Amino acid sequence: MAATALLWGSAFPAIRIALEGYSPTAMAVLRLVFAVVLLLPCVLTGRISRLRRGDLLRMAGFGVTGMTAYQLLLYAGERHVEGGTAAMLVATSPVFATALGMLVLRERPGAWGVAGLVVALCGALVVATAGGDGGGSYSGMAMIVLAAAAQATSFILQKPLLRRYSGMDCIFYGSLFGLVPLLVFTPDAATQLVAADWQQTAAVVWLGLACTVLAFCTWSRVLAAATASTSSLVLYAVPVAALALDAALLGAVPGLMAGVGGLIVLAGVALAAFRRPAPTTPSRAVACGGPSTDAADATADVDATADARVDAAADAAEREAVAAGARGSSDR
């Protein structure tokens, strides 16, 4: 979760640098091209699983929402919105993810999950009002909120796929499907690639390799181990990382209220991750805000029953052996 937050947080200063030489469409094209090219050796060596026909539409939806729509909306919005504010607005994605998780995946975030969501959102709003040098236009903010909604939709689409595919599989196919609608912008992206400075190109390469491939690998591990609503709370730590990296790389030092908001964000994440001690009864409650433990409970109950049966059979066999020995002694 920490690695995901740092990698995605680094995307915001990288976008600010890359926008000086690239358009949003060119950045989206090159970012996905670099990701696909990096993963091609995994395809050739068989480390990428074959996509099943029944998962084609869901994987395409994941790519279009999480790769195409999210990037275009975020890049276009960040042309008019300061980076720290953009990171705070993207942090609203768990709100959409929670609602979609409840409606589509029938997930139960629980009381602690909802409480952590509210606290972290309040911290995000505090940082949004205090962490920038002027915020931005309303149209730019609206585009970034739509980007957050597209990102949350991609999380919901991706979670069932992680039962059959690895995170690397989802990254490759998602980038491939996300690249298809952007192919029309390829000539323009190639022209800008030749004309851009090396710093701007390095920022785009970082977006493709670190913020896409590596970050989605770590994120897929988080998403596979928790509910979509709970695991998406890691996004609340992304703005904190973005503000810290802005200060280190671009000299944009956050103010006091931004620091306070960051602490509130982390408190919300800790609250959502809180787990009650499990009771000793077989049907213990589902951990609030975390992944459902019904399957684990059922498996534990089955294992306990099987162990009891094995012990009973062993005891019966031992008693039979003792009885047989006693009968043998009596006969003699």
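Being a predicted model, the structure only gives us computed values, none of them experimental.
Residues Q71 and L182 fail the side-chain proximity criterion, which asks for heavy atoms closer than 4.5 Å. Contact of the L209 side chain with the L214 side chain is not registered, since no non-hydrogen atoms from C-beta on lie closer than 4.5 Å. R16 is not listed as a side-chain neighbour of F12, based on a closest heavy-atom distance of 4.5 Å or more. Contact check for T186 versus L183: side-chain heavy atoms found under the 4.5 Å cut-off. For the pair F172/L176, a side-chain contact is recorded, criterion being any heavy-atom separation below 4.5 Å from C-beta on. Taking the side chain as every heavy atom from C-beta outward, C211 and R31 approach each other to under 4.5 Å. Contact of the V238 side chain with the V90 side chain is not registered, since no non-hydrogen atoms from C-beta on lie closer than 4.5 Å. Proximity of L161 to L157: side-chain heavy atoms (C-beta onward) are nowhere separated by under 4.5 Å.
Rounding to the nearest 0.5 angstrom, the gap separating the CE atom in M143 from the NE2 atom in H80 is 5.0 Å. From I17, atom CD1 reaches atom OG1 of T201 across 12.0 Å, with rounding to the nearest 0.5 Å. Summarising the geometry, atom CE belonging to M67 is positioned 9.0 Å from atom SG belonging to C170; distances are rounded to the nearest 0.5 Å. The distance from atom CG of D169 to atom CG of L51, rounded to the nearest 0.5 Å, is 9.0 Å. The structure places CD1 of I15 at 5.5 Å from CE of M27, a figure rounded to the nearest 0.5 Å. Annotation: the span from M59 atom CE to F177 atom CZ amounts to 7.5 Å, rounded to 0.5 Å.
In terms of heavy-atom proximity, T25 sits nearest to F185 at CB-CG, 3.8 Å. Contact between S10 and W206 at its shortest, heavy atoms only, is OG-NE1, 2.9 Å. Taking each heavy atom of L179 and V29 in turn, the nearest pair found is CD1-O, 3.8 Å. Shortest non-hydrogen contact noted between V37 and P41 is O-CD, 3.6 Å. The two residues S175 and A35 make their nearest non-hydrogen contact at OG-CB, 4.0 Å. Closest approach of Q192 to G21, counting heavy atoms only: OE1-O, 3.7 Å.
In this structure a side-chain-to-backbone donor-acceptor pair under 3.5 Å is present from T45 to C42. Between the side chain of Q151 and the backbone N or O of A147, no donor-acceptor pair lies under 3.5 Å.
Both F155 and L72 are part of a single hydrophobic cluster, where members link through side-chain heavy atoms under 4.5 Å apart. With hydrophobic clusters built from ILVMFWY side chains whose heavy atoms lie under 4.5 angstrom apart, L162 shares a cluster with W219. Both Y22 and V36 are assigned to one and the same hydrophobic cluster, defined by single-linkage of ILVMFWY side chains at heavy-atom distances under 4.5 Å. Note: the hydrophobic cluster containing M168 also contains L38 (ILVMFWY, side chain heavy atoms under 4.5 Å, direct or indirect links). Cluster annotation: V180 and F62 are assigned to distinct hydrophobic clusters (Ile/Leu/Val/Met/Phe/Trp/Tyr, side-chain heavy-atom contacts under 4.5 Å, transitive).
Y75 and S23 share no donor-acceptor pair across their side chains, judged by distance under 3.5 Å alone. If you check the side chains of T191 and D188, you find no donor sitting under 3.5 Å from an acceptor.
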- Message: The test is side-chain contact (heavy atoms from CB on, under 4.5 Å); show your working for F34 and L30 and say whether it passes.
- Response: CA-CA 6 Å; F34 290 145; L30 294 174; 4.1 Å; yes
- Message: I'd like to know whether D55 forms a side-chain hydrogen bond (donor to acceptor under 3.5 Å, both in side chains) with Y165, so could you lay out the CA-CA distance, the side-chain angles of the two residues, the decisive distance to 0.1 Å, and finally the verdict.
- Response: CA-CA 10 Å; D55 297 325; Y165 302 95; 2.7 Å; yes
- Task: I would like to know whether Y173 and I48 meet side-chain contact (heavy atoms from CB on, under 4.5 Å); could you show each step before the answer?
- Result: CA-CA 9 Å; Y173 289 115; I48 300 295; 3.8 Å; yes
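Enclosure of atom CZ in R164 by more than 12 non-hydrogen atoms of other residues, nucleotides or ligands within 6.0 angstrom is indicated.
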